[in-house]
Enquirer: 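Could you have a look at this structure, given as C-alpha cells, before my questions?
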Amino acid sequence: MAKRVQVIHTDDIDGSEAAETIAFALDGINYSIDLSSANAKKLRDAFAPYIAAGERDRSTSRRTTTSRRKSSGTAATDIRAWAAAEGMQVSSRGRVSAEVREAYERAHS
C-alpha cells in the first residue's frame with residue numbers, strides 16, 4: 001500500500017502558509033521559526049539595525065552546533081516514521097514539532 005504524506009508549513013505568527021524557516025540565536029539559545037515571506041521580511045527588518053551595529057561571532061558555526069546535539073534523544077527520523085504510520089502530518093525535513101515529539105514520547109513511555 002502506498003501512502004502520500006503532504007507537509008504544509010504554517011507561519012508560526014499568523015497561521016498563513018510559511019515560505020521558509022528562519023534560524024536565529026539570542027543569549028546563547030538557538031531558535032527556528034516558520035514564517036511567510038511577509039513575516040520573514042518583518043523579522044529581518046526588525047533585526048537589521050542590531051545586526052548592522054553588532055559583530056558576527058566567528059567562533060561558532062552551524063556545523064559545530066549541529067555536531068553537539070545530544071545523542072540520547074530519539075532520532076527525528078524514528079519519530080517521523082512513527083508519526084507517519086500513525087497518520088499524523090509531519091515534515092520530511094527540519095525540526096519535528098513539539099506536539100509530534102510529545103505524542104511519540106507518550107506512546108513510548
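Note that the numbering runs from 1 along the sequence shown for the chain.
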Enquirer: Does one hydrophobic cluster hold both I8 and V5, with members joined at side-chain heavy-atom distances below 4.5 Å?
Expert: no
Enquirer: Shortest non-hydrogen contact from A107 to W82?
Expert: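 In terms of heavy atoms, the two residues are closest at CB-CZ2, 3.6 Å.
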Enquirer: Of T21, I13, N39, which meets side chain to side chain contact (heavy atoms under 4.5 Å, CB included) against I33?
Expert: I13
Enquirer: Are R95 and D34 packed together at the side-chain level, in the sense that at least one heavy-atom pair is separated by less than 4.5 angstrom?
Expert: yes
Enquirer: Please round to the nearest 0.5 Å and tell me the distance separating atom OG of S32 and atom CG of D12.
Expert: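 Here the interatomic distance stands at 8.0 Å.
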Enquirer: On a heavy-atom basis, which atom in V90 and which in V7 lie closest, and how many Å separate them?
Expert: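 Shortest heavy-atom separation between V90 and V7 comes out as O-CG2, 2.8 Å.
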Enquirer: Are Y50 and Y31 connected, step by step, through hydrophobic side chains (Ile, Leu, Val, Met, Phe, Trp, Tyr) whose heavy atoms are closer than 4.5 Å?
Expert: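 As far as the 4.5 Å side-chain criterion goes, Y31 and Y50 are not connected within one cluster.
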Enquirer: Please find the pair of heavy atoms, one from V96 and one from A76, that lie closest to each other, and give the distance.
Expert: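 That closest heavy-atom pairing would be CG2-CB, 3.8 Å.
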Enquirer: Identify the heavy atoms of A85 and K3 that sit nearest to each other, and give their distance.
Expert: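 Smallest interatomic distance, heavy atoms only, reads O-NZ, 3.7 Å.
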Enquirer: Can you give me the closest heavy-atom contact between A83 and V100, atom names plus distance?
Expert: CB-CG1, 3.7 Å
Enquirer: How far does CE of M88 sit from CZ of R80, to the nearest 0.5 angstrom?
Expert: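 The CZ atom of R80 is 13.0 Å from CE of M88, to the nearest 0.5 Å.
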Enquirer: About how many Å separate CD1 of I79 and CD of E105, when rounded to the nearest 0.5 Å?
Expert: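 E105 atom CD to I79 atom CD1 measures 7.0 Å (nearest 0.5 Å).
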Enquirer: Please round to the nearest 0.5 Å and tell me the distance separating atom OG of S36 and atom NE2 of H9.
Expert: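 Spacing of OG (S36) from NE2 (H9) equals 14.0 Å.
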Enquirer: Verify the neighbour count for atom CD of E17: are there more than 12 heavy atoms of other residues, nucleotides or ligands below 6.0 Å?
Expert: no
Enquirer: Check the angle between the aromatic planes of F24 and F47 and answer parallel, tilted or perpendicular using the 30° and 60° thresholds.
Expert: tilted
Enquirer: Determine the minimum heavy-atom distance between G15 and T10, stating which atoms define it.
Expert: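 Closest pair (atom of G15, atom of T10, distance): O-CG2, 3.2 Å.
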Enquirer: Regarding E20 and R44, does a basic nitrogen lie under 4.0 Å from an acidic carboxylate oxygen?
Expert: yes
